[in-house]
**Student:** 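Take a look at this one; I'll ask things after.
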Amino acid sequence: MRGSRTLREIMDQPVAWSAALARFEKDAGRVDRLFDDRTPDEVVFTGCGSSYYLSMTAASVFQQITGLRARAVPASESLQYPESVFAQDASLVLVAASRSGTTTETLRAVKAATRQGIPTLCLTCAARSPLARASDLALCSPSGGERSVVMTKSFSSMLVLGLRLAAQRGDDATLRRELRHLPALGRRVLKIALPLMRDIGATASRFVFLGAGPTHGIAWEAMLKMTEMAQRTAMAYHPLEFRHGPIAIAGPGTVAVLFGTDAGANMETALVRDLRKHRAAVVLVRAGESRPVEAEVCVSLGAGVSDASRSLLYLPFAQSLAYWRAVGAGLDPDRPRHLTSVVRL
Ligand code: F1P
């Protein structure tokens, strides 16, 4: 069946999350030593494609939980503008994400950091890859690697490692506990997401994915999944940014998928009203059921977890939507056009 490999990997995510969390425990002491030796004043997360997008979410959560400055940059920026990535005199730690551990730009970013004496840590699914060998410490997602080109369980399981890293450095027992519950919650969410997304946007001309804070990286990943698998026009924005120009494309052919946050729930509800006023179809995935909304489709996960952990639970919705739109268009999600699983320059 077309896309059967990708579908299996989407369904396998909770298993990969458990394995990644179990593996992290073995490396927790080494993580602490790497950070404590340096006491950085900034952590730079980097990667390419999906690995860059998970870096966005990881950086957002890391700064929120630890209070330490964190930002995400595409690895290619460190090749083109090294001074704006590795600020002189700053005490940095570089966290590089890569499923394959062989992507040229990411590998070069780590090597450049090492030359400058910056400690490096990688999140990867390939424990023996060049990236793992080049980094001071490799945090591995042992079951995250896919046979598919498009990243699904590798994305989410490396993000689990990134969130667990934030919980470790912020000594945040709540986030640690939430992460332990995530595989069970993920199984429940997968059962909802897959059938729900089957017919959404079947005739739409464009998809807009909206997310703030930890869900912003998820919105970008949703955009990339739709682009890679279904070759449909897709964009990603911060929710309230959408009014500042992009709203011009809201209309009957537009499906807006909003990944809700507790932090911005009221503002996001108002945005749903505006989108509906302009006749866009809105899919709202959010935490609770407290406020009624006019969204065409509204899913309340009610999972009782923070925005950070919930961002992972939004992924099955994004992945399923892209999967179904690809299958519906006669495309094979297992064989995305023009793509290879690794880009080597
Ligand atoms: C990252 C990546 C993927 C993308 C494509 C090429 O690879 O950019 O996100 O889907 O298949 O590679 P990696 O560095 O995580 O291995």
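Fair warning: this is a prediction, and the values are worked out from it, not measured in the lab. Atom set for the values below is all heavy atoms of this structure, side chains included, hydrogens, waters and symmetry mates excluded. In listed order, ligands and their atoms are each counted from 1.
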**Student:** Should R169 and D32 count as an ion pair when the cut-off is N to O under 4.0 Å?
**Tutor:**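 Answer for the salt bridge query: yes.
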**Student:** Is any NZ, NE, NH1 or NH2 atom of the basic residue among E146 and R5 found under 4.0 Å from an Asp or Glu carboxylate oxygen of the other?
**Tutor:**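 Looking at E146 and R5, the cut-off is not met.
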**Student:** Can you name the residues that come within less than 4.0 Å of ligand 1, going by heavy atoms only?
**Tutor:**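 Within the 4.0 Å shell of ligand 1, which is judged on heavy atoms, sit C48, G49, S50, S51, S98, R99, S100, T103, V149, M151, E228, T340, S341, V343.
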**Student:** To the nearest 0.5 Å, what is the distance between CG (L190) and CG (L194)?
**Tutor:**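 If I round to the nearest 0.5 Å, the distance is 7.5 Å.
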**Student:** Would you call D307 and R310 a salt bridge, using N to O less than 4.0 angstrom?
**Tutor:**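 Result for this pair is yes, salt bridge flagged.
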**Student:** Considering only residues two or more places apart or on different chains, which pairs with a residue in residues 46-56 satisfy side-chain hydrogen bond (donor to acceptor under 3.5 Å, both in side chains)?
**Tutor:**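 Residue pairs with at least one partner in residues 46-56: S50-E221, S50-K225.
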**Student:** Would you say the side chains of S91 and D41 form a donor-acceptor pair under 3.5 Å?
**Tutor:**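 No, because no side-chain N or O of S91 sits under 3.5 Å from a partner of the opposite role on D41.
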